[in-house]
Amino acid sequence: MKITLKDGSVKEYEKALSAYEVALDISEGLARAACCVKIDGEEADLRTIIGRDCELSVCTANDEEGLAAIRHTASHVLAEAVKNLFPEAKLAIGPSIDTGFYYDFDHEAFSRDDLDALEAEMKKIVKKGEKLEKFTLPREEAIAFMEERQEPYKVELIRDLPEDAEISFYRQGEFVDLCAGPHLMSTKGVKAFKLTSSSMAYWRGDSDKARLQRIYGTAYSKKEDLQAHLERMEDAKRRDHNRLGREMELFTTVDVIGQGLPLFTPKGTKMLMKLQRWIEDLEDKEWGYVRTRTPLMAKSDLYKMSGHWDHYKEGMFVLGDEEKDKEVYALRPMTCPFQYYVYKNTQKSYRDLPYRMSETSTLFRNEDSGEMHGLTRVRQFTITEGHLVVRPDQMVEEFKGCIALAKYCLTTLGVEEDVTYHLSKWDPENQEKYIGEPEVWNQTEQHIRDILIELEIPFVEDVGEAAFYGPKVDINAKNVYGKEDTMITIQWDALLAEQFDMYYVDQNGDKIRPYIIHRTSMGCYERTLAWLIEKYAGKFPTWLCPEQVRVLPISEKYEAYAAKVLKELRGRDIDAEADNRSEKIGFKIREARLARVPYMLVVGQQEEEEGLVSVRSRFAGDEGQKPLAEFIDQICREISTKEIRREEAPEENRQA
RNA sequence: GCUUCUGUGGCUCAGUUGGUAGAGCGAUUGAUUCGUAAUCAAUAGAUCACGGGUUCGAGUCCCGUCAGAAGCUCCA
């Protein structure tokens, strides 16, 4: 029997032996560090008996798979600890996840004190260092075994396994759990762990099923790694837009105004206006868009026509009472039908297409109260919304154009490397959720796939994420805690024109149904701002800063000169302020830094005579003296969006 | 919507077993007019989220409402 190792070398053995024994044969150190193995690319347990030729690689805590095995074992240790301290708790499931692991229990809520007690109990279990043993049972015996132990959730899991599946269990001391593995050889390998939080979770993720208590934790092979992880979480907390954005006075919320309704303060508003002026100019002057302004509300009739009244009424703010009032209105949750009527205002010829409409559009969605979060999930938001009405033969080119525009926006914001592209497809298993024929779906999905491949954009495909009228490209970004949000979406719609009776007249005088692209270029202003705050930790590119230059006279004597400098800066559309307080200059510099102002101009006697200013920048510190005019030109270049591709920011500003 | 946790001056937080509030930063005023990470002093500012309850007495205990956080579910 020949076993090929990761480095290409080959080991030969007479008879079958376990993966662990192979690791031991390679080196004792490796055997000690080993967490699991991959046999011909398949993840497997160290206990797996190898009896044939194969490729074997041993995974340690440095590999994704190895770390997962540690965490998975940690979740079993947690389950054992829970069973020890709370014997009445019922076990559900306990996998490893990106950031650690969790385990769900049917039990009353766990407090922080409970978690601390459980952590202590886990330490005891790890110290005992029981060996984990794997064994399998035939289906009926497995069910009987878990019934006897009074674990109804486990019984349900076994019943749902395929008839021919091997049903495996792991035993550590007294504790036994249904589990496919892989696991460490002993609980001793769970060296550094922490229970981070607990919360409710639904059995099988279904809000109609039982409510369980989930305990989250994280585990590493070394204390230092755990420490580093906890520090990363601390850093994330400092970048969190919901905290930093308030601290920097970009936005606030008020109890009596309501949930999910942020107020933008002058600095935040300035940033939003910079984004808005930039994107509107860009779309209109360089990408051929026309601008619309449509009502924020409409009669219920419109939503009945679009289908929203039946499918989305819960998500809308309805004004009036259907029972009593003759007419009921609702705030709009999207712009689509409004812009369709702009299109329909005049008859269009094939020559008029593509007809690209864009609107800085405020939308309202009545999200459930638990869904709101900072600026990323709100009840009122503004989006660079647009609909392109195109001839079928223009569809591919226009769709490409929308992706190119989105990419350009991301590049200008300096975040193009932080996104992932998704092709969101329909779910053929669930056809009643969508309209249109399967062939059309498969065709359009293939078109989009071809476009992404042609543009050399890496992407993943998600089943069941499409809109009901068509597939889409979603561009997602992660927040500081690793949670993903959609920033930009571009949707292919070959169906809705029919429902709204939209058409154009072709060469032969026939009325033809156009296709529609629903798209955003820069996304939703609130969400984009949140993302920028976290990306740059508040140290925005100069062009986006609400305050770009702060003028600091070293004493009152130079206030006149400072005023002159300020006037010249503002005359060139630079956002500048002067700090004329009678504080020490060092103090004023420190404050400007804390406010994350990118440039400080320290002005005093010498400068006034020679027309110079002393420049300090947020990134580079003291840049020395230069003529005022030269400095102004430099800043103007830096804040011109036409010249921006990417601001060079020091390492500390980049997201991990 | 569900589960848990949280809610004290503008901000960050302290407040021990129930005895009617404290710090730092910030703000204001005065002095200082100063060259690169904190000049000195004084002053103001809190019905302890809101509404009930227990108690001789509640920031502290209980219930409800509102708001925030984490997670679940949802995001057409």
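Residue numbers begin at 1 in each chain, while the letters A, B, ... track the order of the sequences. Computed from a prediction, not measured in an experiment: that's the story for all the values here.
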Point to revise | Rounded interatomic separation in angstrom, taking CD from E623(A) and P from U36(B) | key: 18 Å
Revision key, fill the gap. Re U65(B): Watson-Crick or G-U wobble partner, both distances kept under 3.5 Å, found to be A49(B)
Review point. Whole Å only: how far is the CE atom of M372(A) from the P atom of C75(B)?
Key: 15 Å
**Study point:** Base partner of A31(B), which must satisfy Watson-Crick or wobble distances under 3.5 Å
**Key:** U39(B)
Revision key, fill the gap. Among the nucleotides U73(B), U39(B), A37(B), whichever has the atom closest to the side chain of E371(A) is U73(B)
**Study point:** Residue whose closest nucleotide on RNA chain B lies nearer the 5' end, G604(A) versus S582(A)
**Key:** S582(A)
Exercise for review: Report yes if at least one side-chain N or O of K588(A) is closer than 4.0 Å to OP1 or OP2 of G35(B); otherwise report no.
Suggested key: no
Check your understanding: How about K564(A): does its NZ atom have over 12 heavy atoms from other parts shown lying under 6.0 Å from it?
Key -> no
Review point. If you look at every strand shown and take non-hydrogen atoms under 4.0 Å, does Y216(A) touch a base, only sugar-phosphate, or nothing?
Key: sugar-phosphate
Check your understanding: Would you say R365(A)'s side chain and R332(A)'s backbone share a donor-acceptor pair under 3.5 angstrom?
Key -> no
Exercise for review: Between V254(A) and S555(A), just flag the one whose closest nucleotide in RNA chain B comes earlier from the 5' side.
Suggested key: S555(A)
Practice item. Can you tell me, in whole Å, how much space there is between the C1' of U16(B) and that of C75(B)? Key: 46 Å
Revision key, fill the gap. Regarding the side chain of R365(A), the nearest nucleotide among C75(B), U33(B), A38(B) is C75(B)
Exercise for review: Would you check if the distance from the ring center of Y341(A) to the ring center of Y343(A) is below 6.0 Å?
Suggested key: no
Point to revise | Proximal nucleotide (of U36(B), A37(B), U39(B)) relative to the S614(A) side chain | key: U36(B)
Review point. With sugar-phosphate meaning primed atoms plus P, OP1 and OP2, does K584(A) contact a base, only sugar-phosphate, or nothing at under 4.0 Å between heavy atoms?
Key: base
**Study point:** Base G35(B) to side chain E607(A), donor-acceptor N/O within 3.5 Å cut-off
**Key:** yes
Review point. Base, sugar-phosphate alone, or nothing: which one does G315(A) contact when heavy atoms must sit under 4.0 Å apart?
Key: nothing
**Study point:** P598(A) side chain near F540(A) side chain, heavy-atom distance below 4.5 Å
**Key:** no
Check your understanding: Base, sugar-phosphate, or nothing for Q605(A), non-hydrogen atoms under 4.0 angstrom?
Key -> base
**Study point:** Watson-Crick or G-U counterpart of C72(B), or none if no pair lies under 3.5 Å
**Key:** G1(B)
Check your understanding: Does N242(A) make a side-chain N or O approach to OP1 or OP2 of G68(B) shorter than 4.0 Å?
Key -> no
Review point. Taking CG from L261(A) and P from C66(B), how many angstroms apart are they, rounded to a whole number?
Key: 15 Å
Exercise for review: Tell me yes or no: between the side chains of R214(A) and Y216(A), is some donor less than 3.5 Å from an acceptor?
Suggested key: yes
Practice item. Round to a whole Å and report the spacing from CD of E591(A) to P of C25(B). Key: 12 Å
Exercise for review: Using atom NZ of K267(A) as one end and atom P of G10(B) as the other, report the distance to the nearest whole Å.
Suggested key: 18 Å
Point to revise | Y434(A)-F468(A) aromatic ring centre distance below 6.0 Å | key: no
**Study point:** Nearest-Å distance for atom pair CD1/C1', residues I435(A) and A76(B)
**Key:** 12 Å
Review point. What's the NE2-C1' distance between H373(A) and A69(B), to the nearest Å?
Key: 9 Å
Check your understanding: Taking the same atom, C1', in C62(B) and in U55(B), what whole-Å distance lies between them?
Key -> 12 Å
Review point. Distance check: side-chain N/O of R581(A) vs OP1/OP2 of A27(B), anything under 4.0 Å?
Key: yes
Review point. Base, sugar-phosphate alone, or nothing: which one does M600(A) contact when heavy atoms must sit under 4.0 Å apart?
Key: nothing
Point to revise | Complementary nucleotide of G57(B), counting Watson-Crick and G-U pairs under 3.5 Å | key: none
Review point. Does G26(B) have a Watson-Crick or wobble mate here (both distances under 3.5 Å), and if so which one?
Key: none
Exercise for review: Can you tell me, in whole Å, how much space there is between the C1' of U3(B) and that of U12(B)?
Suggested key: 29 Å
Study note, to complete from the structure: Testing G68(B), A37(B), G1(B) for proximity to the side chain of R590(A), the answer is A37(B)
Exercise for review: Write down the distance separating the P atoms in A46(B) and A21(B), rounded off to the nearest Å.
Suggested key: 13 Å
Exercise for review: Please state whether the base of C74(B) and the side chain of R377(A) form at least one donor-acceptor pair under 3.5 Å?
Suggested key: yes
Study note, to complete from the structure: Quick note, R214(A) side chain, CB onward, closest among U12(B), C72(B), G35(B) is C72(B)
Review point. Between K483(A) (NZ) and G71(B) (C1'), how many Å, whole number?
Key: 8 Å
Review point. If you look at every strand shown and take non-hydrogen atoms under 4.0 Å, does E583(A) touch a base, only sugar-phosphate, or nothing?
Key: base
**Study point:** Under-4.0 Å side-chain N/O to phosphate OP1/OP2 contact, Q259(A) with C66(B)
**Key:** no
Practice item. Would you kindly say whether R71(A) and Y220(A) are connected by a side-chain donor-acceptor distance under 3.5 Å? Key: yes
Review point. Charged N to carboxylate O under 4.0 angstrom, R550(A) versus E547(A)?
Key: yes
Exercise for review: Measure from the ring centre of Y312(A) to the centre of the six-membered ring in the base of A76(B), then say whether that distance is under 5.5 Å and the planes meet at under 30°.
Suggested key: yes
Check your understanding: For the side chain of I589(A), counting heavy atoms from C-beta on, which of C34(B), U36(B), A76(B) is nearest?
Key -> U36(B)
